[in-house]
Every structure is written in C-alpha cells, then in structure tokens.
Amino acid sequence: MENRPQIAIVDYQAGNLRSVQKALEKCGAAAIATSDPEAIRQADGVVFPGQGACDSSMRHIRELGLEGPIKESILSGKPFLGVCLGLQLLLEESDEGDEACLGILKGRVRRLPAGQKIPHMGWNQVDFKLDHPVLKGIPAGSYFYFVHSYYADPEDESVIAGTTDYGMNFCSAVAWDNVTAVQFHPEKSGDVGLIIYENFVKLVEQTKAAGVWR
Amino acid sequence: MLTKRIIPCLDVDRGRVVKGVSFVDIRDAGDPKELAAFYDKEGADELVFLDITASADARDIMIEVVKQVSEQVFIPLTVGGGLRSVADIRRMLEAGADKTSLNTAAIENPQLIADAADFFGSQCIVVAIDAKGCTDEDSLGHPKPGVDPDLALDETSRWQVYTHGGRTPMGIDAVKWAKRSADLGAGELLVTSMDTDGQLTGYDLELLRTISEGVTIPVIASGGAGNPQHLLEALDEGKADAVLAASIFHYGTHPIGEVKEYLAKNGMPIRGKPKA
C-alpha cells in the first residue's frame, strides 16, 4: 500500500507537466499526470497546471470529461492547486477566447496592458495578502517565475491572496478554503517555489489523515 | 517589478560540458548536473544548454542530460542545438526542458515556429538568431535563391542572418527575420552577434536595440560579454530583457553574484541571490 499522498496532475494537453510532477515528487508525494476522471476523483490532492490558449484548453477539458471532476475536487474540500492557466480557467470568461471557463470564481481573464513586453516573462515579486497554509513561510520580497500574457481579475477581492506589479497591479494568487491558485510557476521558481509544493503536499497529508474530504 | 534575467550558457558535447569550466568547488566540471546546480545556487535566473554534439547518433545523450538536470534544478531550462522538428521539440520538453531554442531549422522551415508554438505554446519556443553586420557587398541585395523576398537583404539592411556558427550567410535581414519569428509565434528571441561573439569586448548594442524595439516579445542578448559593464550596456542601451553569457561565468572571472550586485547597484531590477 502506497503511503505517500496521491496527487493527480490534471492532464488536458496544455503544456509540459514534467516539472510539476518532479517538484511534487521532490516534496515527497506520489504524483501522476492523468486525464482519467476517476483518478482525479480518487486522488488525495489535485494540481491543475497549464500553459497555452484558453479556448483549446477548455475544449480539451470538456472533451475529456474533466470539467465535472475538477469542480467536484474543489467542492470536496481536498487540497487543490491551480498553476498559471490553472488559475485563469477558474474564472468565468477570458479576453483570450470565446469558450466559457470553469466559472468557479466570478470575474474575467484580461490581457495585460500594452506598453511593455508581452508575455510577462521572468522573475517578479508577489505581495502576499492572505494567510493560507499553502502560501506560508515564504520570505517577504521573494521572486517567482512568470510567463503569461493574461491575468485573472476576480470580482470577489477577498480571495486575492497576492498581487504583482507589471505595468499594473494584477492578481497573481488566489486562495480560499482548500483552493490555492497562482499565476506564476512555483515549479520553476527555485527553492522558494518548492516551499509552495512542500506546503501543498503537507496539507494533502493532513487532510488525508483527518479524513476532511469525502 | 520584473527583473532582468542573467543566464549562463553551457555547451554540451556528448553529454559533457565543454569549454573548460574552472571552479574550485565543482568536483566534475564537465558534469551538466553539477554545473546546473552550482549556477542555480549562484543565482542564475535561467539556464541554457546548447547541444553541440556533431554526430546524430549521439543526440539522444542530450535527452538523458535534460532528464537528470531537470530532476534537480527548478529554474527554467532552455535547450537548443539540432532540433529539427515538432517531434524533436516534444522529446526535449517531455524530458524536462521548459523551452527549446530553434535556429537553422526555423530558417529553413519557418512554419516549424508556428507549428511548435501551436502545439506547445509560444512560451516554450525561443528563436535563436545569429547575426553579422552587413558588408557593402551584402547590402547591394543579391537575393539568394529560395529566400522569401520579404526577408531578403536590401540596401537598408544592417545585419545578415548566419547559420552554422557564423559560417553560412543566409541572405536574410536579421531584423526582418526577428519580426517574422515573433509574428509566427516565437515567445522570445535569443540574439547573438557573430561579430562580437567570443571577443569579450561587449555585445552589439545597435543590433540588440534595433531588434528589441522592433518586436514586443522579450529579447535575450548574446555574444561578447567580457565584464559586468557589458551586461549593463546590453540591458540599458541594448534594451535587452535578459543577458546570456558563457566565459565570464565559466572561468569564474565574474561570478553571477558579483555581476548581479553590479547591475543592481547601477539601477537594474535584479533578483537577489536565493536564500539558502
């Protein structure tokens, strides 16, 4: 019997999942990339990563029958971590396309303002505003690695866990209950990024032990 | 604030880092894993691995190198050299690379940029451009057979695209090619001056600025860094978003920490050394 926490990385053909998997494994989890709805339902924790375009990603999610399992995971109370596009798709709609997004959060995904290089690519700071178990222990002023052209603009400001400055102050992290989602790539942000995966794996272990979900 | 990226470049031949790297605290200076971990600790913002393996049958070694490095180092890793197709790119990304750099193959088949960007997203497609200042003869404009007339050198051209390490002139205007690459879906450009490369006398600032102002995607400066001031110039006058260097880091003449401190002191937004 596998004792490590089982984490499903949602695979919907949106970019490279290897580095997310390696980061989770380094933090002591058993991580599998999967597009099997049942594997996502059974997992102790879910990571929802993604790079690429909103429309094709939402179409893949629907074709693969993953919209239900993703929403159920969020509602079940098990730890859920969205990364990059995995944050944006939690909103209702996007400037980038016409497909409806998951609509977990009210609000829209908007294009970063013109007047600077797009994509926003490289290391930038996050001003963390919320205490959340997945975001704790990060030294103030830490830098994270970003690559994106759009940002999430949730209506409910109480979920905004962090903001970043790039021509404007945009929402770079959200968190509530069992859900954390970040615009940057913790798996590409060196040691400070791994803190987030360590926190996440720890939370998965705790909620599994406590039988919080299901 | 978005910081300027400092990127060491490692040449890899048959799985070994070449171009003598001389550090005291590296046990095996030819081991890509050790060097990648070293540069990560030093504060490198990304790493570029250039596969210079000449023989095609030894190419798979690079896949293994990328697998091993990406298991230990959690900063962005770009791999270039010898990637000819979407399938080649896929194998590199699946091995753990975050970005792939295309050069000759993209010039011979520009559609590769568009296809790769469609498949994998622009963020993992870097187009590397090797450019050299035009001679009087070049700028007379003798379009080479097969060159897209919209990209061909003309009397206004200042830099020409070269392949094969600066040996083969392509008859293509480097600035036009940069814009075309961006339009096709490149997420970033790696611009190397073949005039200044290896000279340690500074980057070609005119080339960098012209390209950087001509596109909206980030530009990585390459070729010619001999001291920290050269990197500052590339970021400042050259308007580059990132600087790539090899010798000054490998030989330890100007370690990354020192370079970053210098750049920060001179007003550049720089990510500080990661805390241990």
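Every chain is numbered from 1, with letters handed out A, B, ... down the list of sequences.
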**OP:** Using distance alone, with no hydrogens and no angle criterion, decide if Lys22(A) and Ser70(B) have a side-chain donor and acceptor under 3.5 Å apart.
**Re:** yes
Original post:
What residue, out of Gln21(A), Gln116(A), Met121(A), has the most heavy-atom pairs lying under 4.5 Å from chain B?
Top reply: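 Greatest number of close heavy-atom pairs with chain B: Met121(A).
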Original post:
Between Ile75(B), Thr3(B), Leu2(B), which has the largest tally of heavy atom pairs under 4.5 Å with chain A?
Top reply: Leu2(B)
Original post:
Of the backbone (N, CA, C, O) and the side chain (C-beta and beyond), which part of His185(A) lies under 4.5 Å from a heavy atom of chain B, both, or neither?
Top reply: neither
Original post:
Given that the side chain runs from C-beta out, which part of Val192(A) has a heavy atom under 4.5 Å from chain B: side chain, backbone, both or neither?
Top reply: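 For Val192(A), neither part sits under 4.5 Å from chain B.
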Does any backbone or side-chain atom of [X] lie under 4.5 Å from a heavy atom of chain A? Answer side chain, backbone, both or neither.
{"X": "Ile7(B)", "result": "neither"}
{"X": "Asp118(B)", "result": "neither"}
{"X": "Val219(B)", "result": "both"}
{"X": "Ala242(B)", "result": "neither"}
{"X": "Ala117(B)", "result": "neither"}
{"X": "Ser212(B)", "result": "both"}

Original post:
Looking at side-chain heavy atoms only, is the closest gap between Ser19(A) and Phe74(B) below 4.5 Å?
Top reply: no
Original post:
In Å, rounded to the nearest 0.5 Å, how long is the span from CD of Glu71(B) to CD of Glu25(A)?
Top reply: 8.0 Å
**OP:** Give a yes or no on whether the backbone of Asp45(B) and the side-chain of Trp123(A) come within a donor-acceptor separation of less than 3.5 Å.
**Re:** yes
Subject >> Shortest non-hydrogen separation from Tyr143(A) to Gly272(B) and the atoms involved >> reply: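 The pair with the smallest heavy-atom distance is CE1-N, 4.1 Å.
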